[in-house]
Amino acid sequence: MMTPLEELRHSASHILATAVLRIFPDAKLDIGPPTDTGFYYDIDLDHKLTAEDLARIEAEMKKVVDENQPFLRSEVSRDEAAEIVKSRGQERYKLGRLADIPEGEKISFYKNGEFMDLCAGTHVRYTSKVKAFKLLSIAGAYHRGDEKNKQLQRIYGTAFPSRDELAKYLEQMEQAKQRDHRKLGRDLKLFVIDEDVGQGLILWTPNGSIIRQELQNFISEELRKQGYSQVFTPHIGKLELYKISGHFPYYKESQFTPVVENESLARILGEGCSCAEMVVRLDAVSSRLAAQINERTGRETITPDRVRPDDQLIEGFMLKPMNCPHHIKIYASQPRSYRDLPVRLAEFGTVYRWEQSGELNGMTRVRGFTQDDAHLFCTEDQVAQELLGCLSLVKIILTTLGMSDYRVRVGLRDPDSKKYTGQKENWDKAEEACRQAARTLGVPFAEEPGEAAFYGPKIDFVIKDVIGREWQLGTVQVDYNLPIRFDLTYSGADNQPHRPVMIHRAPFGSMERFCGVLIEHFAGDFPVWLSPEQVRLVPVSEKTLDYSRELLARLREAGVRASVDEHNDKLGAKIRRAEIEKVPYTLVLGGKEAEAKSVSIRSRAKGDEGVMPFDQFLPRIQEEIRLRSLSGKKTPA
RNA sequence: GCCCAGAUAGCUCAGUUGGCAGAGCACAUCCUUGGUAAGGAUGAGGUCGCCGGUUCAAAUCCGGUUCUGGGCUCCA
């Protein structure tokens, strides 16, 4: 059953189809459902739709609305339905859609004017009910969402019960555009992406680097409190490392091509090795490694066809697509006792993944990014406690940033599938631990069977920003697989080797995505502790330039980020500049202030706050920074 | 990767049927020395994304390519 709004939008999509068929009678229709924000219709049409076509179609839709056609439902048999579809020349997609309807379910059509569509309904009574609508864009969309199928043209639009609501929605879209991190990133000089450096590779400019550094400092402080050790590891690792972990060639598609050693490359070229052969050899492993992995995992994890003689193997390195193998090697670098556990290794680790070019987006979807990563090595019994620790960290940081609106998804195994590694009892324990941990947060959480990784259950964080958009950021994952593949052990109280459990966690995902979300969350109005420039000193005239410079030195000495506006402009223009650059505090310095060693405070949050001695202002802002207070933030619109 | 649309000064954009490259903001210099969101004048700044083609002549037309945007697919 549709909500009234969905009904309205669904009806709008039928009106869209009606209009399209009037203009392009040979259009073949697929489906046209309502969405969260509007509706679309997928259409197969040789003519490439243009923006002008969109205007024409919209005008025709208005006519259909004015014609005030009733939406009429009729129920028919399966054979009759097929006949209707064929008689209208719509068999290309509609017959397939008809076949999707389960046996025994009612088959219905909805008719308005000359248009009739296979449709479960429901609809508004008359086309005239759809008063406030707008077509928004044309996009390509694969039939049934499968990239192997033909790509259809999708027309997106939206509809609301009233024109006011439509106008409000369009206004909201406009505002969202204003706070887009790509726009703010450029305006506030936070980051750039350069064509010559590469797509999806972020260059953090000085201002953005300050924000990232402050966040990292903050996270690091919390990690130290929680007993983490910070480590550094290189950006590359040998191909074999990822063959042991199983990431290569399994995730080869989403990794940068391996860096092949010069000697290896020269030898292969000398042999006149074909491309196909080269690919096989890249994937291949030595018989020694295959035997090891198969022994450890207790099954034929590496099949004999992947094994090649040593002289055919290709030596090379990979840009690391994840940090775990490196951290595992740190764990494995010395004997571990149960008394040492948990070992918590944290790193702001930069990883590289080959995202498809069409899905790159600003800072939120990139090819090189730095995870706030950590790997916890613990005993079975410690898993639950460690999960709690991970979640409390998330809670502290999100609360500090004023992002307390979030939910978690607990990914559990699919009870019917056999793809999971590890023992059932461990899974049961780990899943229950995830469930319990999520419960302690006091935020909504959903259990999703089948969403677990093959090596363990996980907890995902979905964060809602101030304008209601949701962002999937980090995850916490329990892993039984890698400790086996790397043969990790610790000595237990019984003096026997035991297998540790690993927890992977990157609660904020990556610094890039997190900062991107943060930019939009704050609309660039960062709290004082995160602001690249915390104080702008504005001399009323050149006469107080010296006083301004004196205060600048004192602020810098005190660790406050500040600058003097030395432009030859009037006060109003300097205030405006500070306002546009979103500096939280502007100190206006005229003759009176210089005389009294005071400052006239204008804050981003409250405007003109009056005059105060500088010696009083300094501790005030220092305290605000120290507390990582949100109070300096402009109240969100 | 696929579909569609773009790319002109640091930014936002104009540029007609192919005929000398434009505006506003920002920037620099000078005048002005000021009291809470734009004082005035002058100036500098461009191989019109890149490569090739058509043409007497290309920002403009054609082909290719790179990047960007909106979607689709994907996201360990």
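Letters A, B, ... mirror the listed sequences (proteins, then strands); counts begin at 1.
- Between A:E447 and A:R409 there is no salt bridge, since no side-chain nitrogen of the basic residue lies less than 4.0 Å from a carboxylate oxygen of the acidic one.
- Of the candidates B:U36, B:C72, B:A76, the closest approach to any side-chain atom of A:A141 belongs to B:C72.
- Across the protein-nucleic acid pair, A:D46 atom CG and B:C3 atom C1' stand 14 Å apart, rounded to whole Å.
- Checking B:A37, B:G39, B:U73 against every side-chain atom of A:E359, the shortest atom distance belongs to B:U73.
- Nucleic acid contact for A:R365: base, since at least one base atom lies under 4.0 Å from a heavy atom of the residue.
- Taking the C1' atom of each, B:C31 and B:C48 are spaced 36 Å apart, rounded to whole Å.
- Phosphate contact (OP1/OP2 of B:U33, side-chain N/O of A:K543, threshold under 4.0 Å): absent.
- Residue A:G572 is classed as a sugar-phosphate contact, given heavy-atom separations below 4.0 Å to backbone atoms only.
- The phosphate of B:U36 has neither OP1 nor OP2 within less than 4.0 Å of any side-chain N or O from A:R604.
- Between A:K252 and A:D283 a salt bridge is recorded (basic side-chain N to carboxylate O distance below 4.0 Å).
- A salt bridge is absent between A:D180 and A:K177; no separation between the charged side-chain nitrogens and carboxylate oxygens falls under 4.0 Å.
- Counting non-hydrogen atoms under 4.0 angstrom, A:G591 reaches a base of the nucleic acid.
- A salt bridge links A:R413 to A:E431: at least one charged side-chain nitrogen sits closer than 4.0 Å to a carboxylate oxygen.
- Along RNA chain B, the nucleotide closest to A:A573 and the one closest to A:E147 are compared, and the more 5′ of them pairs with A:A573.
- Across B:C11 and B:G46, the matching P atoms stand 14 Å from one another, rounded to whole Å.
- Between A:D100 and A:R144 there is a salt bridge, since at least one side-chain N of the basic residue sits less than 4.0 Å from a carboxylate O of the acidic one.
- For B:G1, one of the phosphate oxygens OP1 or OP2 lies less than 4.0 angstrom from a side-chain nitrogen or oxygen of A:S357.
- A distance of about 15 Å separates the C1' atoms of B:U12 and B:G6, rounded to the whole Å.
- One atom, NZ of A:K574, and another, C1' of B:G39, lie 12 Å apart when rounded to the nearest Å.
- A gap of 16 Å separates the C1' atoms of B:C50 and B:A58, to the nearest Å.
- Taking atom C1' in both B:C3 and B:U17, one finds a spacing of 32 Å when rounded to whole Å.
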For RNA chain B, what is the dot-bracket line, given that a base pair needs Watson-Crick (N1 to N3, plus N6-O4 or O6-N4) or G-U wobble (N1-O2 and O6-N3) geometry with both distances under 3.5 Å, and | means paired with another strand? (((((((..((((.....[..)))).(((((.......))))).....(((((..]....))))))))))))....
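- Rounded to a whole Å, the CG atom of A:D569 is 13 Å from the P atom of B:C25.
- As rounded to whole Å, 12 Å separates atom C1' of B:G69 from atom CZ of A:R186.
- Taking atom CG of residue A:L45 and atom P of nucleotide B:C4, one finds them 12 Å apart after rounding to whole Å.
- We find that CD of A:Q356 is positioned 9 Å from P of B:C74, with the value rounded to whole Å.
- At B:A37, one or more side-chain N or O atoms of A:R602 fall inside 4.0 Å of OP1 or OP2 (strictly under the cut-off).
- No contact: A:F454 has no heavy atom under 4.0 Å from any strand.
- Spacing between B:A9 and B:A5 at atom C1', rounded to whole Å, works out to 24 Å.
- The pair A:R179-A:E174 fails the salt-bridge criterion, with no side-chain N (NZ, NE, NH1 or NH2) lying under 4.0 Å from an Asp/Glu carboxylate O.
- Taking A:Y169 as the reference, A:F160 meet the ring pair (Phe, Tyr, Trp, His ring centres under 6.0 Å) condition, with sequence neighbours excluded.
- We find that A:K574 and A:D565 are not joined by a salt bridge, their nearest charged nitrogen and carboxylate oxygen being 4.0 Å or further apart.
- Closest to the A:N361 side chain, of the nucleotides B:G70, B:U36, B:A37, is B:G70.
- Note on A:R604 versus A:E581: no salt bridge recorded, every NZ/NE/NH1/NH2 to OD/OE distance being 4.0 Å or above.
- The residue A:G358 sits close to a base: some heavy atom pair falls under 4.0 Å.
- Interface remark: the A:E593 side chain does form a donor-acceptor pair with the B:G35 base, using a distance-only criterion of under 3.5 Å.
- For A:L571, whose side chain is taken as the heavy atoms from C-beta onward, the closest listed nucleotide among B:G34, B:C4, B:A76 is B:G34.
- A:Q151 contributes a side-chain N or O that forms a donor-acceptor pair with the base of B:C2 under 3.5 Å.
- Rounded to a whole angstrom, the distance from the P atom of B:G52 to that of B:U16 is 25 Å.
- Side-chain proximity of A:Q199 to the nucleotides B:U68, B:U36, B:A76 is greatest for B:U68.
- When the P atom is compared between B:G10 and B:A41, the two are found 24 Å apart, to the nearest whole Å.
- In the interface, the side chain of A:R154 is not paired with the base of B:C4 through any donor and acceptor atom under 3.5 Å apart.
- Within residues 502-511 of chain A, no residue is approached by RNA chain B to less than 4.0 Å at the level of any non-hydrogen atom.
- One N or O donor and one acceptor, one from the side chain of A:Y142 and one from the base of B:G1, sit under 3.5 Å apart.
- Using the six-membered ring where Trp is involved, A:F508 and A:F514 have ring planes that are tilted, between 30° and 60° apart.
- A:D569 and A:R577 are joined by a salt bridge, as a carboxylate oxygen and a charged side-chain nitrogen come within less than 4.0 angstrom of each other.
- Residue-level contact check: A:K48 touches the backbone only, with heavy atoms under 4.0 Å from sugar-phosphate atoms and none from bases.
- Note on A:R365 versus A:E359: salt bridge recorded, some NZ/NE/NH1/NH2 to OD/OE distance being below 4.0 Å.
- Applying the side-chain contact (heavy atoms from CB on, under 4.5 Å) test between A:L188 and each of A:H181, A:K582, A:K183 identifies A:K582 as the sole match.
- In this entry the distance linking CG of A:D187 with P of B:U12 reads 8 Å, nearest Å.
- Within the 4.0 angstrom heavy-atom criterion, no nucleotide atom of any strand lies near A:E253.
- You'll find that the side chain of A:E542 is closest to B:U33, out of B:U33, B:U36, B:U12.
- Rounded to a whole Å, the CD atom of A:E581 is 13 Å from the C1' atom of B:C25.
- The pair A:D460-A:K458 meets the salt-bridge criterion, since a charged nitrogen lies less than 4.0 angstrom from a carboxylate oxygen.
- When each of A:Q153 and A:H567 is assigned the nucleotide of RNA chain B bearing its nearest heavy atom, the one mapping closer to the 5' terminus is A:Q153.
- Counting any heavy atom pair closer than 4.0 Å across all strands shown, A:Y250 reaches no nucleic acid atom.
- Here A:R182 reaches the OP1 or OP2 of B:G69: one of its side-chain N or O atoms lies under 4.0 Å away.
- Judged by atom type and distance alone, A:N568 reaches the base of B:U32 through a side-chain donor-acceptor pair under 3.5 Å.
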